[in-house]
Amino acid sequence: MTLDVLYFAWLRERIGAPRERVETNAATVGALVAELAARDDRHAAALSDLSAVRVAVDQDLADWDTPLAGAREIAFFPPMTGG
Amino acid sequence: MTLDVLYFAWLRERIGAPRERVETNAATVGALVAELAARDDRHAAALSDLSAVRVAVDQDLADWDTPLAGAREIAFFPPMTGG
Amino acid sequence: MRVLVQPQPFDAGALLDGFGAGAGAVVTFTGLVRGDGGLVALDIEHYPGMTERALAAHAQAAADRFGLDDVLVVHRHGHLPVGEPIMMVATAARHRRAAFDAADFLMDWLKSRAPFWKREIGPDGPRGWVEAKADDEAALDRW
Amino acid sequence: MRVLVQPQPFDAGALLDGFGAGAGAVVTFTGLVRGDGGLVALDIEHYPGMTERALAAHAQAAADRFGLDDVLVVHRHGHLPVGEPIMMVATAARHRRAAFDAADFLMDWLKSRAPFWKREIGPDGPRGWVEAKADDEAALDRW
C-alpha cells in the first residue's frame with residue numbers, strides 16, 4: 001500500500017522533509033517505524049528514541065501496535081506542547 | 001456609647017428601616033442583639049433566628065462574641081449571596 | 001489590582017485590555033443573570049463601604065496566596081435584567097494552575113462572604129430574597 | 001460550539017460577544033507568550049487537518065461531560081511575539097463548577113494532546129523546541 005508519512009517539529013528537521021510517500025506492506029505502526037529507520041541515517045536518527053515520538057494514523061493518535069490496514073496518512077511528531 | 005446599626009436585605013425590610021442610632025452599654029454583639037430584640041415586635045421578628053443572621057462590626061465580619069468596645073458601626077444581614 | 005463596585009454594566013474587553021501584561025495565563029469568570037422559572041431580573045443590594053473593602057482585601061489575599069501578577073474584581077449592584085453580567089473576576093499568573101485556582105478561590109469567597117444580597121424579580125414584581133446555598137458555604141472549606 | 005485555528009491575532013471581545021447567552025457562568029482561559037530568559041517569540045507549528053478535528057472532538061467531549069451550554073476554542077500558530085495571546089478557551093454553563101472544570105479539563109488536554117509544537121525564538125534566532133512537561137502529562141490523569 002501507499003502511505004503519506006508526515007513529520008512535525010524536530011522529527012521534520014531530522015528527516016529533512018515534512019512528508020514523503022512510502023510504499024510498504026507493514027502491518028502495524030511499529031513495523032512501519034522499523035522499515036523507515038532502516039532506510040538511512042536521517043530516518044534512523046529521527047526514530048532512534050521512540051519514547052520521544054508520538055504517532056497519528058489518519059489524524060487520530062495511535063500506538064505502535066495500531067494496524068495500518070486501510071490507513072492513508074501516518075504522522076510522526078514529538079510530544080505535543082500546545083496551549 | 002452610640003452605635004450606627006445597619007440592616008440589609010430582609011432584615012432591613014422586617015425592621016422597616018435601613019439604619020438606626022442606638023445608645024447602648026452592651027459589651028458584645030450578642031448583648032446588643034438581646035437589647036435590640038427586646039425593643040419591639042419588628043426587632044424581635046428580624047432577630048428571632050440568629051442562624052440566618054450575619055453581623056459585621058465596623059465593616060468586618062464578626063461573631064456574637066465580638067466585643068463592641070470602640071465600635072462605631074454594626075450591621076446585621078442575611079447570609080450573603082454574591083457572585 | 002483593581003476592584004470596582006458599580007450599578008452600570010462593565011465593558012469586559014476594556015477592563016481586560018492590557019490586563020496581566022507579562023503573565024502567561026489569564027483566567028476570567030463572569031456571572032450572568034439566568035432566566036430560570038420566568039425570572040425577569042435580579043435586584044442586588046450591597047453594603048457600600050464594606051463591599052469595596054472586603055473585595056479589595058480578598059483580591060489581595062488571592063494575589064498573595066497564588067502569586068498572581070494581577071487580579072481584577074468587578075461586581076454590579078441594583079437592577080440587573082436577565083442575561084446581563086453580574087460580576088467578573090480576572091486573574092493573571094505565570095502558569096495556568098495558579099490563575100485557575102485563584103479565580104476559583106475568589107468565586108467561592110464572593111459567593112458567601114462578599115456583602116451582596118440578591119432578590120428575584122418576576123413578571124409581577126419582587127419574589128423574594130435568594131437563599132444562601134449550603135454548597136456555596138461548603139465550597140469555601142476547600143481552601 | 002466554535003473552534004478556530006489561525007495564525008492571526010483573535011479579538012477576544014468579539015468572539016465572546018453573545019457567547020453563553022442564557023448561561024449563568026462563563027470561564028475563559030487565555031495563554032500568552034511569556035518573555036522568560038530573553039525570549040522574543042514562539043514559533044508554533046501544528047498539524048493542519050488533525051488540529052481542527054482534535055480540537056472539535058475535545059470541545060464536544062467537554063461539552064458533553066460537563067453539560068456545557070457553549071464552548072469556544074481558538075488557537076494560533078506561526079510566529080507569536082512575546083506578550084501576544086496564543087490561545088483561548090471559553091466555557092459556558094449553568095453553574096460555576098461546570099464552567100471552571102470544563103475549562104481546566106480542556107487546558108490539560110490541549111497542553112499535551114493537541115497537535116501543536118512550540119519553538120523558542122531568542123534575539124539571535126531559534127533556540128530549540130519546547131519540551132513537553134511531565135506535569136502536563138500528569139495533569140491529564142486528574143480527569
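Residue numbers begin at 1 in each chain, while the letters A, B, ... track the order of the sequences. When reading the values below, keep in mind they use all heavy atoms of this one structure, side chains included, and skip hydrogens, waters and symmetry mates.
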Winner by heavy-atom pair count (cut-off under 4.5 Å) against chain A, out of D/Gly128, D/Pro115, D/Ala114
D/Ala114
Report the option among D/Glu137, D/His77, D/Lys111 that has the most heavy-atom pairs separated by less than 4.5 Å from atoms of chain A.
D/Lys111
Check whether D/His75 reaches the backbone of A/Gly82 with its side chain - one donor and one acceptor, N or O, closer than 3.5 Å.
no
For A/Glu13 against D/Trp129, the heavy-atom pair lying closest together:
OE1-NE1, 2.8 Å
Counting heavy atoms not belonging to A/Asp49, are there more than 12 under 6.0 Å from its CG?
yes
Over 12 foreign heavy atoms within 6.0 Å of CG, A/Asp65
no
Chain A heavy atoms under 4.5 Å from D/Arg113: which part of the residue, side chain, backbone, both or neither?
both
Looking at side-chain heavy atoms only, is the closest gap between D/Arg53 and A/Asp60 below 4.5 Å?
yes
Quick check on A/Arg12 against chain D: is it the side chain, the backbone, both or neither that has a heavy atom closer than 4.5 Å?
side chain
Which answer fits D/Arg76, side chain, backbone, both or neither, if we ask what part of it has an atom under 4.5 Å from a heavy atom of chain A?
neither
Can you tell me which portion of A/Ala9 sits under 4.5 Å from chain D's heavy atoms? Options are side chain, backbone, both or neither.
both
Within 6.0 angstrom of A/Arg72 CZ, more than 12 heavy atoms from elsewhere:
no
Heavy-atom count around D/Arg142 CZ within 6.0 Å, excluding the residue itself: above 12?
yes
Closest non-hydrogen atom pair, D/Val130 against A/Thr81:
O-CG2, 3.4 Å
Output for pair (A/Phe77 CZ, D/His46 NE2), nearest 0.5 Å, gives 13.0 Å
When you look at CG of A/Asp41, are more than 12 heavy atoms from neighbouring residues, nucleotides or ligands closer to it than 6.0 Å?
no
Please determine whether the number of non-hydrogen atoms from other residues, nucleotides or ligands lying under 6.0 Å from atom CD of D/Gln60 exceeds 12.
yes
Check D/Gly49 against A/Gln59 and note the closest heavy-atom contact, atom names and distance.
C-OE1, 3.2 Å
Residue D/Ala54 versus chain A: region with a heavy atom under 4.5 Å:
neither
Rounded to the nearest 0.5 Å, what separation is found between the CE atom of A/Met80 and the CG atom of D/Asp136?
12.5 Å
Which heavy-atom pair separates A/Phe8 from D/Pro48 by the least distance, and what is that distance?
CE2-CD, 4.3 Å
Could you check D/Met50 against A/Leu61 for side chain to side chain contact (heavy atoms under 4.5 Å, CB included), going step by step and ending with a plain yes or no?
CA-CA 9 Å; D/Met50 178 172 170; A/Leu61 286 177; 3.9 Å; yes
Do A/Leu6 and D/Tyr47 pass the side chain to side chain contact (heavy atoms under 4.5 Å, CB included) test, and can you show the C-alpha distance, the side-chain angles, and the key distance before you say yes or no?
CA-CA 9 Å; A/Leu6 279 59; D/Tyr47 183 170; 3.6 Å; yes
One option among D/Met87, D/Met88, D/Lys118 has the most heavy-atom pairs under 4.5 Å with chain A, and it is D/Lys118
